[in-house]
Student: 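First the structure, which I've put down as structure tokens, then a few questions once you've had a look.
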Amino acid sequence: MARKKYKLDFELVPEECWYANLRSVLSQRDWDRVRRAAYARAQGKCTVCGARGRLEAHEQWSYDEKKKLQKLEDVVALCGACHAVKHVSRSYLVGKGETVEAQFKKVNGVSQAEYHEALSAANDEYVKRNEIEGWTTDISWLKEKFDIEIFYNGINKK
């Protein structure tokens, strides 16, 4: 059964895919092109909650469990609070748990109980994905949008 969809949701990346992020594999010049394009598309506002101010680039990935495929879908601009929700586990580790909870509840208009239900469902999905070994990462989005190709240790252009 699929998880309930929220305007702002948690994105728990399978552990095997933790280090398959763009910032670590792109040159600074290419990363700047990608993130600045996301900021420009967002017109100075968080793409989730609409907050203005400092924005952060966030990679959106989809997961096909049958194909064992993690696919880059987009890079979007988020405010710090929405970005903290996306990376809920890290956010709790660095003491931002209250920020995560408050932002998730505010943006989605949910109760405390609904917040915990959503977090539990995300954790269940995370556990399930961690049982899968041999994920392949598809970053063809970079080629399509920016004419950037990368071939490196486990990250494959499809």
Side-chain angles (χ1 to χ4, degrees), residues 2-94 96 99-100 103-104 106-108 118-119 121-123 125-158:
R3 278 197 307 131
K4 181 177 178 181
K5 299 289 183 194
Y6 292 94
K7 180 177 181 180
L8 175 60
D9 208 351
F10 312 108
E11 294 180 14
L12 300 176
V13 176
E15 290 177 24
E16 192 175 300
C17 303
W18 279 1
Y19 302 102
N21 64 70
L22 297 185
R23 190 171 183 184
S24 67
V25 298
L26 292 177
S27 67
Q28 185 63 50
R29 181 179 156 273
D30 284 342
W31 173 241
D32 286 345
R33 282 176 54 210
V34 171
R35 69 183 181 86
R36 287 180 180 145
Y39 302 154
R41 285 192 318 273
Q43 299 178 330
K45 297 185 293 187
C46 175
T47 57
V48 174
C49 73
R52 292 197 171 276
R54 184 181 180 278
L55 297 174
E56 301 172 2
H58 174 71
E59 301 161 26
Q60 291 184 319
W61 300 90
S62 63
Y63 297 89
D64 184 324
E65 293 164 7
K66 288 181 181 165
K67 293 180 181 177
K68 301 179 182 182
L69 181 67
Q70 174 194 34
K71 183 176 182 185
L72 180 64
E73 300 292 346
D74 203 354
V75 175
V76 297
L78 300 177
C79 67
C82 285
H83 205 193
V85 171
K86 295 290 188 182
H87 297 286
V88 61
S89 297
R90 181 185 182 284
S91 297
Y92 270 93
L93 286 174
V94 298
K96 293 183 180 179
T99 298
V100 166
Q103 187 73 354
F104 185 92
K106 179 178 112 182
V107 169
N108 295 310
L119 185 55
N123 278 317
E125 183 177 76
Y126 172 73
V127 168
K128 181 180 170 189
R129 286 186 179 152
N130 275 315
E131 293 172 355
I132 299 168
E133 293 181 2
W135 287 96
T136 301
T137 302
D138 177 347
I139 55 174
S140 58
W141 179 87
L142 284 173
K143 176 71 174 162
E144 295 162 14
K145 301 292 182 186
F146 295 94
D147 199 31
I148 297 171
E149 289 185 87
I150 297 174
F151 303 93
Y152 120 103
N153 192 21
I155 294 187
N156 306 315
K157 183 197 85 67
K158 292 277 182 190

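The chain is numbered in sequence order, starting from 1.
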Student: Might you point out which heavy atoms bring Val100 and Phe10 nearest each other, and give the distance in Å?
Tutor: CG1-CE2, 4.2 Å
Student: Report yes if some heavy atom in the side chain of Tyr6 is under 4.5 Å from a heavy atom in the side chain of Val107; otherwise report no.
Tutor: no
Student: Does Thr47 reach the main-chain N or O of Ala77 with its side chain, forming a donor-acceptor pair under 3.5 Å?
Tutor: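 It does hold such a pair.
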Student: Not counting sequence neighbours, which residues clear ring pair (Phe, Tyr, Trp, His ring centres under 6.0 Å) with Tyr126? List them please.
Tutor: none
Student: Any side-chain heavy atom of Leu119 within less than 4.5 Å of one from Asn123?
Tutor: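 In contact.
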Student: Between Phe146 and Asp30, does a side-chain contact (heavy atoms from CB on, under 4.5 Å) hold up when you go through it step by step?
Tutor: CA-CA 9 Å; Phe146 295 94; Asp30 284 342; over 6 Å; no
Student: Determine the minimum heavy-atom distance between Trp18 and Val13, stating which atoms define it.
Tutor: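 So the minimum-distance heavy-atom pair works out to NE1-O, 2.9 Å.
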Student: Are the side chain of Lys7 and the backbone of Val48 linked by a donor-acceptor contact shorter than 3.5 Å?
Tutor: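 Pair found, side chain donor or acceptor close to backbone of Val48.
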Student: Would you check if the side chain of Asn130 reaches a backbone N or O of Glu15 as a donor-acceptor pair within less than 3.5 Å?
Tutor: yes
Student: So, taking the atom named OG in Ser140 and the one named CD in Glu149, what distance separates them when rounded to the nearest 0.5 Å?
Tutor: 10.0 Å
Student: Could you state the interatomic distance from SG (Cys17) to CH2 (Trp61), rounded to the nearest 0.5 Å?
Tutor: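 Separation between the atoms: 8.0 Å.
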Student: Roughly how far, to the nearest 0.5 Å, is the CG atom of Leu22 from the CG atom of Leu142?
Tutor: 5.0 Å
Student: Minimum heavy-atom separation for Ser89 and Leu12, please, with both atom names.
Tutor: OG-CD2, 3.6 Å
Student: Rounded to the nearest 0.5 Å, how far apart are SG of Cys79 and CZ of Arg54?
Tutor: 11.0 Å
Student: Evaluate the ring planes of His58 and His87, with Trp represented by its six-membered ring, and classify them as parallel (under 30°), tilted (30 to 60°) or perpendicular (over 60°).
Tutor: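 The arrangement is perpendicular - the two ring planes meet at more than 60°.
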Student: How close do Leu8 and Asn108 get, counting heavy atoms only, and between which atoms?
Tutor: O-ND2, 2.8 Å
Student: If only atom types and distance count, is the side chain of Glu16 paired as donor or acceptor with the main-chain N or O of Glu133 below 3.5 Å?
Tutor: no
Student: Identify whether the distance between the nearest side-chain nitrogen and carboxylate oxygen of Arg29 and Asp32 falls below 4.0 Å.
Tutor: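 No.
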Student: Locate the shortest heavy-atom distance separating Gly44 from Leu55; write the atom from each residue and the value.
Tutor: C-CD1, 3.8 Å
Student: If I take atom CG from residue Leu78 and atom CD from residue Gln60, how far apart are they, to the nearest 0.5 angstrom?
Tutor: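 CD of Gln60 is found 7.5 Å from CG of Leu78.
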Student: To check you understand the geometry: which heavy-atom pair defines the closest contact between Cys49 and Gln103, and what is its length?
Tutor: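 Minimum heavy-atom contact is SG-NE2, 3.7 Å.
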Student: Listing request: all salt bridge (charged side-chain N to carboxylate O under 4.0 Å, His left out) pairs with a residue in residues 65-87, at least two apart in sequence or in separate chains.
Tutor: Glu11-Lys86, Arg41-Asp74, Glu65-Lys128, Glu65-Arg129
Student: Any pair with a residue in residues 23-44 that passes ring pair (Phe, Tyr, Trp, His ring centres under 6.0 Å), sequence neighbours left out, goes on the list, sorted by first then second residue, please.
Tutor: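 Checked against ring pair (Phe, Tyr, Trp, His ring centres under 6.0 Å) - neighbours excluded - no pair reaches residues 23-44.
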Student: Is Arg33 close to Ile148 at the side-chain level, that is, under 4.5 Å between some pair of heavy atoms?
Tutor: yes
